[in-house]
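First comes the structure, then the notes that go with it.
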Amino acid sequence: MTEQVPPNRHAVCARINPPGSPPRGRDAWERLCGWLLCGPGILWLILFCGLPLLALLATSFCQRGPDGEIGLPLTGENYRRLAGFGELGFDAFYPAVLMRSAGLALGTTSLCAVIAIPVALWLSRLAPAYKPAALMLVVIPFWTNLLVRTYGWQLILAPDSWLSRFLQALGWLAPEEGLYPGWSAVFLGMVCDFLPFMILPVYAAAERLDSRLMEAAVDLGANRWQAFRHAVWPQIKPGVTAGALLVFLPAMGQFVVPDLLGGARLMFLGNLLQQQFGPSRDWPFGAAIASVALLLVLLALWLRRGLSGPQPIARA
Amino acid sequence: MKSSGLPNVSWFRGRLATAWAVVVYLFLYAPLAMILLQSFNSARYGTKWHGFTTQWYRNLPANESVWEACVNSLWLAGSSTLVATALGTALAYGLSRHWFPGSDTVLRLLPLTVFIPDILLGVALLLVVGLLQQVHAVLGPGMTAMLIGHVTFQLPLVALVVRARMATLDPALEEAAMDLGATRWQTFRHVTLPLLQPGIGAAALLAFTLSLDDFIVSFCTTGPGATTLPIWIYASAKRGLSPEVHALSSVLVMAAVALTVALRLVQKKPWFST
């Protein structure tokens, strides 16, 4: 696979300021310029991203006061509760929410991959005349509002919709029962939502596919599956991992789709967080949930680094 | 483009693959088509077809809460894009052309911030805003907090997009300018900036769209009177479906389609090509 190597930044700096050149305050000036240019942006991210996340972590060790305020002393109670060990003995409710969210994210990622790989390969081999239009058709849903799309699924899957009535007539659904709310609705909404995030990176990898390898595989007697497994898959794998990350991480914290399509019975991480910070007003417990989620995100990012090395991920 | 002559290798160009792609496209567009269809349905409740009407569209302009949400959304997207693009471009340029202690750490952390799920950023900001509110009401949830939240998720993306464009620039052009006696500022103003412009434009557009579409961060930091379009749609969807929501959503979808097509046409021009 040909990998694009971005021009080395140090080399550029060195060419503009040759390393052998006399100091003459050049280095100090260089550093000052860098700080002046990057300072505001870095400061912004530290103030409004770094510090709030640290505050979240700190709050997770506090206790909820009688009026929902955040109080001392420090405690690990929130984490124990999240692990299922509350005041009333073991309760699987919170661990189940975590598992359910992870399952939803994993399921969405795998479904997206299975659906997207053939489409991405098809796109990459499309006649040049149709390709821009076909690609644009993948991008348009991505630019439309997520709420609007989720809301569209609500309409399609409602008990009185054509689809539901058709399935009821077939006997696959009980009369008066819709696909929404429930698991199937959540999965449909999630896959529809995240599919472009998988198609585009896989397509980018498939564009650079060396078809000679496939020809060689076929020449050597491989069947279709073997040719795919040994000649295509290794080449598109970086695209699939990039796509998997782009799907998995947002899917983990997705709030809108499970909330609007899952109904009240299905609780996911996002809804649980919203509940703790909203109606329940138990911010320390909410902070503990958020901290665990953040840890999972960092873990996923770290795992990916291990999987395919530190590659820059092109987004959008 | 490489294409193989062997028929059994090109199975993903076959009829089966095309059929699959068509099914996937239908799947992607099903919810949008449904909304569009329902926006012309004269039934007040339910999705059963009761006849064609444009009444829901005609009702929209009279709906004050929609106008307010629309103005809020556009104001928020515009101002946050302005701030994020300025800060992000400076950050990208600084990181690409200057070395300073800590710049490598920033380069390593910047892509990570993109991956922080919106809801975590949202509740983290909500927490801080909630605490600050006890100091002074102005610091509480509302438009200012939303603006800060939006800039925070836009900034790393803008910086990364501009930096990616920066990496494709030929350093020889800047060197040539400086060899010819241009100062650092002149080089930036007359060489680097014009070359960067497509990248900055693409980043700003991305930031603008993300802000318009954002629901979670806005939802977490919203305060009284600070309703955006996504929040309005969410509230309506929760309350029960009303045909005005179909009409508004259809308008938004059409706007998104128009924007994408327009961008595509603009990008065809050689000046804007990346």
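In this text, all values refer to a predicted model and were calculated from it rather than measured experimentally. Each chain gets a letter, A, B and so on, in the order its sequence line appears, and its residues count up from 1.
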Heavy-atom contact with chain B under 4.5 Å, split by part of [X]:
X	value
Leu36(A)	neither
Ala158(A)	neither
Ala231(A)	neither
Leu260(A)	side chain
Pro40(A)	both
Leu195(A)	side chain
Asp259(A)	both
Trp44(A)	side chain
Leu45(A)	side chain

Under 4.5 Å heavy-atom distance to chain A, tell me which part of [X] shows up: side chain, backbone, both or neither.
X	answer
Pro111(B)	neither
Leu110(B)	side chain
Leu248(B)	neither
Ala30(B)	both
Leu127(B)	both
Tyr234(B)	both

Most contacts with chain B, counted as non-hydrogen pairs under 4.5 angstrom, among [options]:
options	result
Val139(A), Leu54(A), Leu298(A), Val191(A)	Val191(A)
Leu57(A), Val297(A), Leu137(A), Leu273(A)	Leu137(A)
Leu53(A), Ile115(A), Val119(A)	Ile115(A)
Ala55(A), Pro250(A), Ala293(A), Cys192(A)	Cys192(A)

Those residues that, when tested against Trp232(B), pass side-chain hydrogen bond (donor to acceptor under 3.5 Å, both in side chains) (two or more places apart): Ser65(B)

Got a sec, which residues hit side-chain hydrogen bond (donor to acceptor under 3.5 Å, both in side chains) with Ser249(B), two or more places apart in sequence or on another chain? none

Check the angle between the aromatic planes of Phe215(B) and Phe219(B) and answer parallel, tilted or perpendicular using the 30° and 60° thresholds. parallel

Kindly assign one of parallel, tilted or perpendicular to the pair Trp283(A) and Phe277(A), based on the angle between their ring planes and the thresholds 30° and 60°. tilted

Are the side chains of [Y] and [X] in contact, using a 4.5 Å heavy-atom criterion?
X	Y	result
Pro196(A)	Ile199(A)	no
Gln154(B)	Phe208(B)	no
Leu301(A)	Leu249(A)	yes
Leu107(B)	Arg163(B)	yes

Going through the distances and angles, do Gln274(A) and Phe255(A) end up as a side-chain contact (heavy atoms from CB on, under 4.5 Å)? CA-CA 8 Å; Gln274(A) 196 266 333; Phe255(A) 163 69; 3.7 Å; yes

Pick from [options] with the largest number of heavy-atom pairs that fall under 4.5 Å of chain A:
options	value
Ile119(B), Val128(B), Leu252(B)	Ile119(B)
Val23(B), Leu229(B), Leu126(B)	Leu126(B)
Thr152(B), Val257(B), Leu87(B)	Thr152(B)
Ile148(B), Val83(B), Val24(B), Ile216(B)	Ile148(B)

Lys131(A) with Glu207(A): basic N within carboxylate O range, under 4.0 Å: yes

Side chain to side chain donor-acceptor pair (under 3.5 Å) between Asn41(B) and Gln38(B), worked out: CA-CA 5 Å; Asn41(B) 185 355; Gln38(B) 289 297 330; 3.1 Å; yes

State whether a side-chain donor-acceptor pair under 3.5 Å links Trp122(A) with Thr18(B). yes

Establish, yes or no, whether a centroid distance under 6.0 Å links the rings of Tyr93(B) and Phe188(B). yes

Can a donor-acceptor pair be found, under 3.5 Å and without considering hydrogens, that links the side chain of Thr89(B) to the backbone of Ala86(B)? no

